[in-house]
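First up is the structure itself, then whatever we jot down about it.
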Amino acid sequence: MVVPVHSDAFAEKLLSWFGANRRAMPWRETKDPYMIWLSEVMLQQTQVDTVIPYYQRFIEVFPDPESLSKAPEDDVLKLWEGLGYYRRCHHFIAAVRDVCADYGGRIPDDPHIFRRLPGVGDYTTAAVMSIAYGHVLPVVDGNVIRVITRIYRIADDTTKTKTRMLIRDMMAALIPSDSPGDFNQAVMELGALVCTPKKPLCGECPLNDLCRAFQHRDISLYPFSPKKMKIPQYPVGLALIMKDGRFLIQKRPSKGHLAGLWELPGGKAEGDESAETAMLRKCREELGLTVEVCGMAAQASHVYSHFKIHVSVFSCTVGAQREKDLKHQPFMWITPSDIPSYAFPAVNLKLFQTIFPSVM
DNA sequence: AAGTCGTGGGA
DNA sequence: TTCCCAAGACT
């Protein structure tokens with residue numbers, strides 16, 4: 001068992017530093033649990049500077065649970081366009097609808113109830129419950145893992161559940177019952193501004209006198225995690241099917257990758273398939289449409305979390321009428337000026353910029 | 001438990 | 001270029 005550092009000294013120094021160094025963030029101007037909850041969802045795996053404009057636009061349109069619960073899913077998704085991890089958006093909508101249906105639109109002031117909502121895990125529960133309602137629950141995120149493993153010189157694999165539970169327990173021993181929300185935010189702020197992944201500013205750290213890794217001069221060993229595998233790359237073929245000044249887009253399935261977003265038809269190549277063959281196959285399978293290729297409209301590369309793609313967009317014309325009785329996702333014929341009305345993946349927007357430079 | 005799920009920024 | 005990483009949740 002790791003011997004705890006003196007917890008009172010830890011919290012005192014950290015909160016003092018936080019009081020003088022906390023960054024201004026829109027969600028720090030309120031104690032509305034809905035707004036704090038939204039910020040925590042958007043901040044999942046996403047940096048503060050990226051979230052701020054998305055948060056402000058979202059709150060402007062949907063300032064409370066009621067307005068969001070009544071909104072069409074596509075309108076909400078459009079506000080999330082470009083932020084990534086779109087399942088967060090679908091879950092947040094579903095969860096807020098549950099809150100309106102079951103709790104009169106008031107965010108539950110009970111960790112066990114809040115934790116059951118869709119998209120709400122241990123981190124979000126601790127963050128929202130501590131910041132909005134003062135529950136004494138420690139957060140464990142990437143910042144906390146980095147700060148705690150360095151302070152205590154924990155060399156265990158931080159991808160393991162057991163290690164994260166140890167870190168949670170260390171946090172639980174340190175968190176003060178009179179300001180749990182500020183403490184949680186302070187540890188994360190320290191991780192973001194001082195105790196950074198590379199080149200941490202240990203000279204400016206308010207905790208350097210009790211940091212074991214700093215004392216042993218081996219900060220770079222923490223946190224430890226095994227090397228990640230290289231991710232595969234696939235060719236992707238998409239179709240720009242023009243007809244009477246319009247082109248065809250289709251809606252992705254409601255689950256899985258880029259759920260619910262609109263895109264040009266086509267998809268990943270399988271086996272030895274070329275991008276063009278994959279595009280033709282997908283148009284046939286998903287739209288019942290036979291197309292003829294006229295030329296190449298655009299190309300782009302893009303990296304996702306666990307694979308990367310090289311996209312080729314083929315200019316096409318309709319070669320045959322749509323076959324009947326094929327199940328397919330919803331599709332639309334739109335003009336380039338309609339693009340802002342639909343939520344697209346980032347790579348599609350990048351391609352549109354090349355294909356329709358005048359309207360983008 | 002390990003894989004899925006986006007995008008942008010920094011070194 | 002390439003890699004890592006960011007206020008994680010779900011299966």
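Every chain is numbered from 1 and lettered A, B, ... according to where its sequence line falls, protein lines coming before strand lines. Reckoned from all heavy atoms, side chains included, excluding hydrogens, waters and symmetry mates.
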Give one of base, sugar-phosphate or nothing for [X], where a contact means two heavy atoms less than 4.0 Å apart.
| X | value |
| --- | --- |
| Asn184(A) | nothing |
| Arg28(A) | base |
| Thr124(A) | sugar-phosphate |
| Lys255(A) | nothing |

Using the [atom1] atom on both, measure [N] against [M] and round to a whole Å.
| N | M | atom1 | answer |
| --- | --- | --- | --- |
| dA9(C) | dG8(B) | P | 23 Å |
| dT4(B) | dA7(C) | P | 24 Å |
| dC5(B) | dT2(C) | P | 24 Å |
| dA1(B) | dA6(C) | C1' | 23 Å |

Do you see a donor-acceptor pair shorter than 3.5 Å between the side chains of Gln233(A) and His310(A)? no
If we ignore angles and hydrogens, is there a donor and acceptor under 3.5 Å between the side chains of Arg153(A) and Gln215(A)? no
Give the intermediate values and the outcome of side chain to side chain donor-acceptor pair (under 3.5 Å) for residues Asp338(A) and Thr335(A). CA-CA 5 Å; Asp338(A) 294 328; Thr335(A) 67; 3.1 Å; yes
Where at least one partner belongs to residues 236-249 of chain A, residue pairs that pass side chain to side chain donor-acceptor pair (under 3.5 Å), sequence neighbours excluded: none
Where along nucleotides 1-11 of chain B does protein come under 4.0 Å, by heavy atom, of base (B) or sugar-phosphate alone (S), with - for untouched nucleotides? SS-BBBB--B-
Are the aromatic rings of Phe62(A) and Phe92(A) close, with centres under 6.0 Å apart? no
For Thr124(A), check side chain to side chain contact (heavy atoms under 4.5 Å, CB included) against everything at least two apart and list the hits. Trp37(A), Glu40(A), Gln44(A), Phe114(A), Val120(A), Val128(A)
List in chain and number order the residues that pass side chain to side chain contact (heavy atoms under 4.5 Å, CB included) with Glu204(A), two or more places apart in sequence or in another chain; answer none if no residue qualifies. Leu201(A)
For Glu189(A) and Val120(A), take the nucleotide of DNA chain C holding the closest heavy atom to each; which residue's nucleotide lies nearer the 5' end? Glu189(A)
Chain A vs DNA chain C, heavy-atom contacts under 4.0 Å, first-to-last nucleotide span, 5' to 3', is dC3(C) to dC10(C)
Contacts of Arg23(A) meeting salt bridge (Lys or Arg N to Asp or Glu O under 4.0 Å) (sequence neighbours excluded), chain-then-number -> Glu189(A)
Going by heavy atoms in the side chains, are Leu190(A) and Cys205(A) under 4.5 Å from each other? yes
